[in-house]
Amino acid sequence: MKEGFSSRVDDVVAAIRRVTDFVPHAAIVTGTGLGPVLDDIRLVARLAYADLPGFPVSTAPSHAGELLLGMLGDLPVVAQNGRFHLYEGWQGDDIVLPVYVMRALGAKSYVVTNAAGALNPDLRMGSAVLIQDHISFLGVHPLAGPNDDRLGLRFPDMSRAYDPDLRAAAASAADAEGVALERGIYAAVHGPEFETSAERRFLRMAGGDLVGMSTVLEVIAANHAGMRVLGFSAVTNNASGGPDQQPDTLEEVLENAAIGGDIIRRILLRMIREGTL
Ligand code: HPA
């Protein structure tokens, strides 16, 4: 991150603190088409990104640009409704700024959802997948540059990037809820173009089950900031790169994201009721 990054964080936190003293325990970030996951939050405060100094403003389709603070069941949360992607032209610092802001507000866990293509042909459209781990093909590393020791360690451990206890709790919440939750490894690509069929076969061979254009920079930052991460993908399209390759349209992505998003929402609400999130 660039010199002065933590004063960027401080400025945003100060602006939020002028509006509310609410302390969230968990941060939630929703991806393309997954905003409805946030419909159950009983709002305490709602802040437009445009009103937060130095905060980026999302341009991606179906990404509202606001920070929500409130109660999800008994859990105080801060939710980022709309996120930032490299393909929009943002820098790593812009993309991870909200992570450190939400950590500074009090959030100790970081729940991330995204829409992803299925590299693994066994994953059905509209299914919900618990992210086990990721592989970055982004070529961008958000912690490059001077490290601010107040924010995190110089060389953060990524061997448990997606918290094993939260993953186990999500799996048992899915069982209790009677919904199917698949497992997968998320491969992150820069975008905005979808991958060629040859690239998709390469990502599959490299060990990816899912492919998407988000999540990884934020998860690196959340680990750096000492947060426990839980990640879900909603499978929106076939990305197996085979001869039966589906055309990728935004409509297809949004429709399937809504189906997977509903499963993810039920799992999260169950985890909150069980006190595991
Ligand atoms: N590739 C990259 N990102 C995506 C995809 C995909 O197939 N589907 C949804 N986001």
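The figures here come from the full heavy-atom set of this structure, side chains too, leaving out hydrogens, waters and symmetry mates. For this chain, numbers begin at 1 and follow the sequence in order. Numbering of ligands and ligand atoms starts at 1, following listing order.
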Checking heavy atoms under 4.0 Å, the part of Arg200 that sits near ligand 1 is side chain
Under 6.0 Å between ring centres, would you say that holds for Phe137 and Phe202?
yes
Which option wins on minimum heavy-atom distance to atom 7 (O) of ligand 1: Leu250, Asn114, Val235, Asn237?
Asn237
Selected option - heavy-atom contact closest to atom 5 (C) of ligand 1, from Gly31, Gly212, Gly241, Gly117
Gly117
Above 12 or not: heavy atoms from other molecules or residues under 6.0 Å from CZ of Arg160?
no
Using a 4.0 Å cut-off to any heavy atom of Glu195, which atoms of ligand 1 qualify?
1 (N), 2 (C), 6 (C), 7 (O)
Show which atoms of ligand 1 fall inside a sub-4.0 Å distance from at least one heavy-atom site of Thr236.
8 (N), 9 (C)
Stepwise salt bridge (Lys or Arg N to Asp or Glu O under 4.0 Å) check, Asp11 with Arg8
CA-CA 5 Å; Asp11 290 348; Arg8 257 186 98 180; over 6 Å; no
Hey, does Met213 have a side-chain heavy atom less than 4.5 Å from the side chain of Asn114?
no
Tyr49 vs Phe84 aromatic rings, parallel, tilted or perpendicular, using cut-offs 30° and 60°?
tilted
